[in-house]
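The sequence lines fix the lettering, A, B, ..., with proteins before strands; numbering per chain opens at 1.
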Protein chains: 2
Amino acid sequence: MANQSSRLDQIFAALADPTRRAVVMRLCAGEASVGELADPFDMALPSFMKHVHALEASGLVLSEKSGRVRTCRLRPDALVGAEDWFQQLRAVWEARLDRFEAYVMKLKKEKERAGAKRPSRTTKRKGSE
Amino acid sequence: MANQSSRLDQIFAALADPTRRAVVMRLCAGEASVGELADPFDMALPSFMKHVHALEASGLVLSEKSGRVRTCRLRPDALVGAEDWFQQLRAVWEARLDRFEAYVMKLKKEKERAGAKRPSRTTKRKGSE
DNA sequence: GCTATAGTTAGCTTCATGGCTAACCAATCG
DNA sequence: CGATTGGTTAGCCATGAAGCTAACTATAGC
């Protein structure tokens with residue numbers, strides 16, 4: 001769990017940089033060497049390598065060295081972790097809407113019941129737009 | 001565009017912290033005061049406020065102060081930016097698969113034709129696996 | 001009006017990040 | 001073999017992030 005969380009930390013942190021996002025995009029189209037990846041960026045190689053390392057540490061990218069060239073490729077399954085988080089968020093959001101709907105229903109019922117008894121002051125609603 | 005990019009930077013950076021992710025989750029269920037939000041965390045208020053500020057700067061959260069209590073609520077549309085990025089990524093990915101498929105088709109055709117003629121050296125392709 | 005509550009401001013540490021240069025392997029290629 | 005190419009290591013610097021305490025402001029409640 002704590003590990004899970006720090007994995008997400010790393011993934012999101014990795015994506016919080018335009019260079020690294022661009023690299024991910026690029027790798028999405030197919031594997032490439034470090035040199036090829038670094039080419040579009042105006043940056044010294046060692047600096048660029050740090051980005052590659054960050055991506056690798058996050059699990060988003062995998063690299064292998066053969067001869068003197070290191071080839072990187074995307075690990076699409078790592079992205080699932082992040083997307084899952086959004087999914088989970090969406091679930092909570094939906095639940096919220098459901099709850100709101102349920103709340104409205106409850107209000108309606110109360111109103112009906114009140115109609116039979118006495119027109120009481122509408123309870124001040126709060127907390128959901 | 002550059003602005004767009006830095007917005008994404010902020011969003012992903014905001015999500016790259018367990019505390020802030022938890023806050024987002026929490027707010028997803030409904031709005032809450034800073035105090036309520038801070039309660040579960042073992043952290044001084046000023047420290048926590050920084051997180052709230054980060055979330056607000058990223059556009060994920062909106063807060064309003066009324067009286068002495070500041071109420072925060074989620075801005076679901078801000079999340080769309082991040083999800084869109086994944087969407088875009090997915091599109092590139094699909095394109096890649098298509099291209100791969102097309103490539104395989106091309107190979108097949110060449111093979112067939114080669115059966116009639118002779119297997120000529122394939123031009124060295126580069127950059128797309 | 002005093003006190004407790006809810007945030008806020010200011011200022012300080014510490015550590016991580018993102019960039020650089022310079023020097024250093026280790027494969028290729030001529 | 002010697003030079004080039006492709007990465008790597010090491011070390012430096014500036015900035016920013018994440019935490020803290022202490023002191024302050026402003027509302028709410030009694």
- [ ] Not counting sequence neighbours, which residues clear side chain to side chain donor-acceptor pair (under 3.5 Å) with A:E56? List them please.
- [x] A:S63

Open item on the list: Just to verify, what does A:A44 make a side chain to side chain contact (heavy atoms under 4.5 Å, CB included) with, not counting sequence neighbours?
Closed with: A:P46, A:S47

TODO: If a pair satisfies ring-ring contact (aromatic ring centres under 6.0 Å, His included) and one of its residues is in residues 60-81 of chain B, list it, with sequence neighbours excluded.
DONE: none

Between protein and nucleic acid, restricted to nucleotides 10-12 of chain C and to nitrogen or oxygen atoms under 3.5 Å apart, what atom pairs and distances do you find?
none

Open item on the list: Holding to side chain to side chain contact (heavy atoms under 4.5 Å, CB included), I want the full list of residues that pass it with B:M49, two or more places apart in sequence or in another chain.
Closed with: B:V34, B:H53

Please write out the pairs of protein N or O atoms and N or O atoms of nucleotides 1-6 of chain D separated by less than 3.5 Å, giving the distance to one decimal.
from	atom 1	to	atom 2	distance (Å)
D:dT5	O2	A:R68	NH1	2.2

- [ ] Could you pull out all residues at least two apart from B:T19 that satisfy side chain to side chain contact (heavy atoms under 4.5 Å, CB included)?
- [x] B:D17, B:F41, B:M43, B:F48, B:H51

TODO: With DNA chain C as reference, determine whether B:M49 or A:A54 sits nearer its 5' end, using the nearest nucleotide of each.
DONE: B:M49

Open item on the list: Let me confirm one number: the CD-CG distance from A:Q10 to A:L15, rounded to the nearest 0.5 Å.
Closed with: 11.5 Å

Open item on the list: Going by salt bridge (charged side-chain N to carboxylate O under 4.0 Å, His left out), name the pairs with one or both residues in residues 69-79 of chain A, residues two or more places apart or in two chains.
Closed with: A:E31-A:R73, A:E64-A:R73

TODO: Can you sort out the partners of A:R90 under side chain to side chain contact (heavy atoms under 4.5 Å, CB included), two or more places apart, ordered by chain and number?
DONE: A:E94, B:E83

Open item on the list: Rounding to 10°, can you tell me the angle the first-five-pair axis of the helix from C:dG1-D:dC30 to C:dG30-D:dC1 makes with its last-five-pair axis?
Closed with: 20°

